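The structure displayed is predicted, hence computed values, not measured ones. As the structure lists them, so they are numbered: ligands from 1, and atoms in each ligand from 1.
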Amino acid sequence: MNVIEHNIKITKAKSSKIENVNWNALGFGKVFSDHIFVVDYINGQWEEGKIIPYSEMAIEPTMCTLHYGQTIFEGLKAYYDINGEINIFRPDKNATRLNNSATRLVMPEFPEEKFLEAISELVAVDKDWIPKERGQALYIRPVMFGSSNFLGVHSSENYKLIIICSPVASYYAAGLKPVSILVSHEYVRAVRGGLGMAKTAANYAASLLAGKEAKAKGFDQVLWLDGVHQEYVDEVGAMNIMFVIGDELVTPTLDQGSILPGVTRETVLALAKEKGIKTSERRIRISEVYDAHERGELKEVFGTGTAAIISPVGKLNYKGREIVINNNEIGPVAHDMYETIVGIQRGETEDTHGWIHKVASI
Ligand code: COI
């Protein structure tokens, strides 16, 4: 168990917006807590961070990020556990990934201990915003962007890191009900040597048109194939993807650099190994998935991600060929993974991995 000390300057909001929250209709990322953490990188160094009331932000029209997209972000969650303590799930992983994304986007790294301190203290200040129901959480969204003003194409001199909190329910309105996914054979999200492994705005912008077209056809999400051959499975965009083929849990390997290294992906692989499930990280052709289905060996498909945790996939459609997986019901592996992860996050199951960071109260 890890507990982080607090010593960031805090300016409290004059009044709270919490009275207006409808806790039964949170959705995802629609409601924001009273405070944010803000820190600036100026003249080659990070200044002291501070916690201030959530408010509008003044920017100039020439702020480089608006033009050239030098933006990275993270997503992690805080929970009340069954003993009334506040848990954050694997924030060290997000700190590392933020810095890996920063390196790819030519941005400064933010010290890991300061990241953990900022998150911990912000969550402590806005602890009343952590929902108490199982399946809900306080979603924490760090975002870092270039804040200098210019029009030449080069990296920013100055940067801003902001951390926002949002009480959320399930990412998908249907919760653990299986989603239907259109396999994109027209568009690609990332290419080898591109930005796919970074959590950067551009990857999400690249996904919007395909997502809109998939929604218009009645699908919940798009499954991306690799940008070189359009043959191998990459990821869904809002989550990584896993297949249970025969008795093996298979997920695309990260070694092509086009897939986001998901924290939940890594968590599921670690848990699966402990539970004695055979796991394999390798390249998977979409044709292999369909062949496995034909042979009756495609037992389950599910997505993994911080926002969704585990999201079963009930239908896949590739070039008009639709397959239904596990009778369009959540399968045993997906269900077990969801229960195990939520159990650890909520303190119902012992955290034998040191994945939980406790938030000290202020
Ligand atoms: C997450 O799972 O945290 C994500 O970032 C996915 C999405 C909401 C962008």
Side-chain angles (χ1 to χ4, degrees), residues 26-33 69 71-79 87-102 104-105 115 119 122-123 130-131 135-145 161-176 179 181 189-190 195-212 214-215 220-224 234-242 251 254 258-269 302-313 334 337-338 341-342 345 355:
L26 287 175
F28 181 85
K30 296 179 181 161
V31 179
F32 309 109
S33 72
T71 299
I72 57 176
F73 67 96
E74 274 303 320
L76 60 162
K77 283 178 172 171
Y79 305 82
N87 291 347
I88 306 184
F89 190 67
R90 308 195 77 183
D92 48 323
K93 288 277 156 197
N94 299 89
T96 305
R97 192 172 61 184
L98 182 82
N99 285 337
N100 290 340
S101 298
R104 181 62 183 86
L105 274 286
F115 179 89
I119 291 208
L122 180 62
V123 168
I130 307 171
Q136 300 182 334
L138 188 70
Y139 184 76
I140 305 161
R141 168 56 63 86
V143 57
M144 191 203 293
F145 52 89
L161 170 66
I162 300 178
I163 306 177
I164 303 154
C165 291
S166 172
V168 297
S170 300
Y171 182 66
Y172 297 107
L176 269 180
V179 292
I181 288 193
R189 168 188 173 272
L195 298 174
M197 50 63 71
K199 202 159 178 67
T200 181
N203 291 329
Y204 298 82
S207 76
L208 296 178
L209 181 58
K212 182 179 169 199
K215 281 225 166 69
D220 299 297
Q221 282 276 332
V222 170
L223 176 63
W224 298 104
D234 260 4
E235 59 158 271
V236 175
M239 52 191 195
N240 295 113
I241 192 89
M242 303 217 168
T251 194
L254 302 177
S258 58
I259 296 175
L260 188 80
V263 178
T264 314
R265 175 188 181 279
E266 194 195 290
T267 302
V268 167
L269 286 173
F302 58 93
T304 64
T306 298
I309 307 181
I310 298 291
S311 177
V313 176
M337 288 297 162
Y338 178 82
I341 294 171
V342 172
Q345 289 166 339
W355 286 342

Under 4.0 Å from one or more heavy atoms of Gly75, ligand 1 contributes atoms 3 (O)
- Is a donor on one side and an acceptor on the other found under 3.5 Å between the side chain of Asn87 and the backbone of Gln345? yes
Quick note on ligand 1: atoms under 4.0 Å from a heavy atom of Tyr204 include exactly 9 (C)
Please answer whether the main-chain N or O of Phe32 pairs with a side-chain N or O of Ser166 as donor and acceptor at a distance below 3.5 Å. no
Open item on the list: Any carboxylate oxygen within less than 4.0 angstrom of a Lys/Arg side-chain nitrogen, looking at Glu266 and Arg90?
Closed with: yes
Ligand 1 to Lys199, heavy atom cutoff 4.0 Å, flagged ligand atoms 4 (C), 5 (O)
Honestly, for Glu74 the part within reach of ligand 1 (heavy atoms, under 4.0 Å) is neither
Notebook entry, point to check: What do you reckon, does Met239 put a non-hydrogen atom under 4.0 Å from ligand 1?
Noted result: no
The atoms of ligand 1 lying under 4.0 Å from a heavy atom of Tyr139, numbered in the order shown, are 1 (C), 3 (O), 4 (C), 5 (O)
Looking only at protein heavy atoms, what sits closest to atom 2 (O) of ligand 1 is Ala307 N, 2.8 Å
Under 3.5 Å, N or O to N or O, is Phe28 touching ligand 1 that way? no
Atoms of ligand 1 under 4.0 Å from any heavy atom of Ala238, numbered from 1 in the order shown, are 6 (C)
From the list Ile241, Leu254, Leu260, side-chain contact (heavy atoms from CB on, under 4.5 Å) with Arg265 holds only for Leu254
Paired with Asn203, the side-chain contact (heavy atoms from CB on, under 4.5 Å) test is passed by just one of Glu235, Met197, Arg189, namely Arg189
For atom 8 (C) of ligand 1, the closest protein heavy atom turns out to be Tyr171 CE1, 3.6 Å
Salt bridge (Lys or Arg N to Asp or Glu O under 4.0 Å) filter on Lys77, not counting sequence neighbours, yields none
#### Entry: Close side-chain approach of Ser207 to Val222, heavy-atom, < 4.5 Å
no
Within the 4.0 Å heavy-atom cut-off, what Lys77 brings close to ligand 1 is neither
Requested in this report: For Asn94 and Gly75, indicate whether the former's side chain and the latter's backbone hold a donor-acceptor pair under 3.5 Å.
Outcome: yes
